[in-house]
Amino acid sequence: MKQTDKPITVTRPCLPPLEEFIPYLQQIWDNKWITNNGPLHQQLEQELAEYLGVKYISLFSNGTLALISALQALNIQGEVITTPFSFVATTHSLWWNKITPVFVDIEPEYLNLDPAKIEAAITPFTTAIMPVHVYGNPCQMEEIQRIANKHGLKVIYDAAHAFGVKKDGVSVLNYGDLSILSFHATKVFSTIEGGAIVCHSEEMKHHIDNLKNFGFRGELVVEEPGINAKLNEFQAAYGLLQLKYIDSFFEKRKIITKLYQTLIKDIQGIHFISDMDGVTPGYSYFPILIDEKVYGISRDNLYDKLKESNIFARRYFYPLISNFEPYRDLPSAITENLLIATKAAIEVLCLPIYVELNEIDVYKICSIIKNI
Ligand code: T4K
């Protein structure tokens with residue numbers, strides 16, 4: 001296979017037309033209000049809450065600080081049950097709060113935290129569960145909530161991949177105590193860098209808003225050691241423009257997803273995650289799983305082959321978080337405890353998906369995969 005002209009990366013941001021950004025810049029220049037809960041920030045919070053179908057949303061400068069602050073907002077301590085099959089920021093947020101992560105294995109179908117394995121990991125020190133809607137596929141939220149209620153635990157969803165995802169018409173962000181989003185440049189909806197916490201009461205939103213502003217309540221009172229995690233007006237403007245185009249983003253990503261599914265479904269040894277009943281997907285990633293024995297070559301070999309053709313798929317999420325240096329000595333990090341996650345990390349490859357990816361490129365990628 002000949003090299004493609006341009007590199008095809010796993011994702012690429014879809015920037016709004018430049019001429020639509022200029023009036024916002026003019027507005028910012030005129031206002032001289034460039035950060036700290038400015039008018040565009042307030043407008044974006046309002047429009048996002050409406051678009052996502054949630055009551056309260058607090059914007060953050062990135063998803064990682066949103067995760068760290070969410071744990072702080074609920075005063076989570078001790079041990080938290082979480083998945084090793086995620087981006088490392090999920091577990092890092094626990095570390096930053098001096099919380100011990102307790103890794104629990106995932107289920108094999110959607111690669112989310114397996115509720116059937118949660119209870120065995122609960123100890124007197126457990127205070128919360130932090131599941132991830134991996135690739136935007138919703139966790140088994142009812143079952144997780146049932147366990148949390150039974151044991152008096154909080155639930156904080158890392159919903160970094162789940163922008164726009166609904167279950168039975170309801171945003172997944174309405175489940176659990178808090179959910180966090182990432183609006184990084186690589187995400188479906190982006191504010192360049194950015195993130196958010198979704199909560200369910202006005203009181204909690206005030207608390208979270210104070211936390212991201214050093215812990216200030218008003219001008220003179222600092223209630224707790226907060227952090228600086230504010231989103232600025234330039235990013236809010238970018239977000240407002242993204243929101244204007246978001247439905248067309250989903251449409252295009254859906255077309256790419258369906259095309260991949262059609263072209264890949266008959267390739268022996270390659271499996272993709274099937275659509276979930278009753279779920280409105282967010283089309284944030286297109287992961288495939290490679291069964292080396294059937295397919296003939298390993299995931300890493302396929303990754304290299306694609307690279308030779310200038311196609312840069314990514315091994316999200318390999319290595320497992322539990323195998324990274326800061327976490328590998330934890331008792332729950334042993335491989336025998338995480339067999340399904342270990343297998344998924346070896347088999348998974350995320351194929352390119354972004355708004356400006358053209359269909360010819362999808363055919364090209366799939367023909368390389370098919371003709372190995
Ligand atoms: N929880 C979960 C489950 C997450 O997945 C993440 C982040 C977080 C929490 C934390 O949220 P944030 O604090 O990031 O808001 C990327 C992203 O940086 C990260 O946001 C994301 N998850 C993670 C899964 O992927 P990298 O290191 O793989 O990104 P990078 O720079 O290699 O970019 C990937 C490709 O995207 C590049 O090959 C080319 C393209 N790209 C990237 C950027 C930044 C562009 O075309 N333009 C760009 O500006 O981590």
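We number each residue from 1, following the sequence as shown. Only heavy atoms go into these numbers, but all of them, side chains included; no hydrogens, no water, no symmetry mates.
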Establish, from distance only, whether the side-chain atoms of [X] and [Y] form a donor-acceptor pair under 3.5 Å.
X    : Y    : result
K230 : N228 : yes
S61  : E193 : no
S332 : N337 : no
Q77  : N75  : yes

Ion pair check, [X] and [Y], cut-off under 4.0 Å:
X    : Y    : answer
E143 : R146 : yes
D266 : K370 : no
D304 : K307 : no
E142 : K167 : yes
K258 : D275 : yes
E202 : K55  : no
K244 : E20  : yes
R299 : E347 : no

Using the ring-ring contact (aromatic ring centres under 6.0 Å, His included) rule, take F250 and Y283 through it: C-alpha gap first, then chi angles, then the decisive distance, then the call. CA-CA 7 Å; F250 282 128; Y283 306 106; 7.0 Å; no
Less than 4.5 Å apart, side chain to side chain, heavy atoms only: is that true for [X] and [Y]?
X    : Y    : result
L259 : Y363 : yes
S182 : F163 : no
F103 : T91  : yes
T191 : F189 : yes
I76  : K154 : yes

Verify the cluster assignment for I368 and V348: are they in a single hydrophobic cluster under the rule of side-chain heavy atoms below 4.5 Å apart? no
Check whether NZ of the Lys or CZ of the Arg R315 lies under 6.0 Å from the centre of the six-membered ring of Y303 and within 45 degrees of that ring's axis.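 R315 over Y303 ring: yes.
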Taking the six-membered ring of F60 as reference, does the NZ or CZ atom of K212 fall below 6.0 Å from its centre and within a 45° cone about the axis?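 That pair qualifies as a cation-pi contact.
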NE2/H133 to CG/L181 distance, rounded to the nearest 0.5 angstrom?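 Going from NE2 on H133 over to CG on L181, the span is 9.0 Å.
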What's the spacing between D329 CG and S322 OG if we round to 0.5 Å? 11.5 Å
In terms of heavy-atom contacts, does CG of D30 have more than 12 from other residues, nucleotides or ligands at under 6.0 Å? yes
List the atom of K32, the atom of W29, and the distance in Å for their closest heavy-atom pair.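 Closest approach of K32 to W29: NZ-O, 2.9 Å.
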Closest non-hydrogen atom pair, L40 against E233: N-OE1, 2.9 Å
For E47, give me all partners under salt bridge (charged side-chain N to carboxylate O under 4.0 Å, His left out), at least two apart in sequence or on another chain. none
